[in-house]
Amino acid sequence: MAVPKKKTSKAKKNMRRSHHALAGISLSICSKCGAPKRQHRVCLECGDYNGKQVLATEAE
């Protein structure tokens, strides 16, 4: 079984883990109602997706 010859330093360990951070969600603006929404998802305010009405909302 392979055994490391040297201890991995804190700096080297943290450099390896530099890509493990979580990225924040990106929001876009709904073209129909102007509400912020997540990309590639149905707008929860108006129920519109890609120019089509796909959800029935209470406002209608």
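Sequence positions, counted from 1, serve as the residue numbers for this chain.
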Counting only heavy atoms not in His20 (residues, nucleotides, ligands), do more than 12 fall under 6.0 Å from its NE2? yes
In Å, rounded to the nearest 0.5 Å, how long is the span from CG of Leu55 to CD of Glu45? 11.5 Å
For Leu27, enumerate each residue passing the side chain to side chain contact (heavy atoms under 4.5 Å, CB included) test, keeping only those at least two apart in sequence or located in another chain. Ile25, Pro36, Arg38
Ser31: what forms a side chain to side chain contact (heavy atoms under 4.5 Å, CB included) with it, not counting sequence neighbours? none
Transitive ILVMFWY cluster of Ile29, excluding itself - 4.5 Å side-chain cut-off: none
Flag, side chain of Lys37 to backbone of Arg41, donor-acceptor distance under 3.5 Å: yes
Taking side chain to side chain contact (heavy atoms under 4.5 Å, CB included) as the test, write out the residues that go with Thr8, two or more places apart. Lys12, Lys13, Arg16
